[in-house]
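Residue numbers start from 1 in every chain, and the chains themselves are labelled A, B, ... in the order their sequence lines are given, proteins ahead of strands.
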Number of protein chains: 2
Amino acid sequence: MSQDGTGVDLDRSLGYLLKEASSALRIAMEEVLRPLGMSVTHYSCLELLAQRPGLSNSELARGAFVTRQSMNVLLQALERDGYVTRPAAAPVGKALPARLTPRGRRSLAKASAAVRSVEVRMLAGMTEADRSEAFRLLRSMVHSLRDGS
Amino acid sequence: MSQDGTGVDLDRSLGYLLKEASSALRIAMEEVLRPLGMSVTHYSCLELLAQRPGLSNSELARGAFVTRQSMNVLLQALERDGYVTRPAAAPVGKALPARLTPRGRRSLAKASAAVRSVEVRMLAGMTEADRSEAFRLLRSMVHSLRDGS
DNA sequence: TGACTCATGTCAGCATTCTGACATACATTG
DNA sequence: CAATGTATGTCAGAATGCTGACATGAGTCA
């Protein structure tokens with residue numbers, strides 16, 4: 001509530017609002033994924049593999065915004081439980097291309113529907129033009145942040 | 001890259017882009033806060049207390065988007081290290097109003113400057129109108145997500 | 001007043017993610 | 001060819017956050 005001129009005013013900070021939105025989205029996703037026994041990262045991994053079969057552990061990590069070490073832990077569990085398969089040896093380099101098993105695909109189907117409903121809810125009240133604007137603005141922020149100082 | 005009609009297309013998903021932007025912001029903030037020995041939640045707590053002195057543990061937790069249990073751990077450490085003070089007994093109810101010590105304020109000053117530079121960088125390339133739009137759109141998403149299905 | 005509901009602080013245990021480190025595979029460059 | 005730089009998979013340990021649980025204080029309502 002205060003305004004001392006030197007601090008970051010949270011109520012006017014786009015960064016704070018961005019974190020708030022992201023937090024709300026994460027909570028909503030966890031809510032619908034919990035009944036399926038799936039975490040957000042878990043779902044992200046399966047969704048990435050469905051859209052881009054053959055992604056490596058490191059690529060999946062970047063796509064899910066976690067470290068490759070974290071993704072490795074998850075991938076090993078998914079492999080052990082039969083949702084994902086990886087070849088024993090790398091066809092090239094060290095990267096092991098991962099693929100969904102039929103079981104993984106079935107598991108993803110339910111989760112994907114649940115997540116889609118969250119996204120639909122999030123977009124409620126926004127026009128098509130709004131969504132385009134949101135895309136443009138978020139892309140701009142990502143780009144500026146990635147560019148380094 | 002694929003388009004099977006049933007899945008969520010990550011390249012066109014506003015939710016995915018929101019997560020990407022939030023991740024980029026978090027990484028950028030961690031980068032500038034690390035030299036100060038401060039985590040994002042740590043900084044958030046101090047910033048909240050600077051702007052709204054007397055916030056309770058639970059209120060700080062909501063403001064920093066963590067559970068009150070997590071904030072409690074942090075708050076106890078901050079209290080132990082002399083960045084924050086809380087009265088021994090609650091003036092009303094069980095809520096203990098926390099306040100920054102001079103040391104806490106000094107520590108925050110550097111962090112706040114660092115974080116401000118990140119936000120400035122994120123906003124580079126956006127017009128004033130863009131920022132207003134971004135506010136409106138993000139607020140709309142938060143509101144829709146909070147409203148429940 | 002007594003029963004109920006809700007918010008809070010806090011403890012304990014668990015899950016997830018991160019940082020640090022190492023070996024390996026490929027590309028680039030001298 | 002040898003040296004270097006970059007990317008990868010993986011192991012180990014530490015940090016961080018979460019869920020579950022309990023007791024306490026305040027408000028509501030019959």
Worksheet item: Roughly how far, to the nearest 0.5 Å, is the CZ atom of B:Arg103 from the OG1 atom of B:Thr85?
Response: 13.5 Å
Worksheet item: Does A:Arg86 place a side-chain N or O at less than 4.0 Å from the phosphate oxygens OP1/OP2 of D:dT8?
Response: no
Fill in: Rounded distance [0.5 Å steps], SG in B:Cys45 versus CE in B:Met38
10.5 Å
Worksheet, complete the sentence: Atom CG of A:Leu96 and atom P of C:dT24 are separated, to the nearest Å, by 15 Å
Discussion item. If you take any heavy atom closer than 4.0 Å to DNA chain D, which residues from residues 18-45 of chain A end up in contact?
Written reply: A:Arg34
Discussion item. Using 30° and 60° as the class boundaries, would you call the ring planes of A:Phe65 and B:Tyr16 parallel, tilted or perpendicular?
Written reply: tilted
Worksheet entry | Neighbours of DNA chain D within residues 57-76 of chain A, by heavy-atom distance under 4.0 Å | A:Asn57, A:Ser58, A:Arg62, A:Arg68, A:Gln69, A:Asn72, A:Gln76
Practice prompt. Search all heavy atoms of B:Gly15 against all heavy atoms of A:Glu119 and return the closest pair with its distance.
Written response: N-OE2, 3.3 Å
Worksheet item: Any idea which heavy atoms bring A:Leu25 and A:Met122 closest together, and the distance?
Response: CD1-SD, 4.1 Å
Worksheet item: CG/A:Leu123 to CE/B:Met141 distance, rounded to the nearest 0.5 angstrom?
Response: 7.0 Å
Discussion item. Ignoring hydrogens, what is the shortest heavy-atom contact between A:Pro91 and A:Ala95? Give both atom names and the distance.
Written reply: CD-O, 3.8 Å
Practice prompt. Say whether, by atom type as modelled, one donor and one acceptor occur between the side chain of B:Asn57 and the main chain of B:Arg68 under 3.5 angstrom.
Written response: yes
Worksheet item: Roughly, in whole Å, what's the span from NZ in B:Lys94 to P in D:dG25?
Response: 7 Å
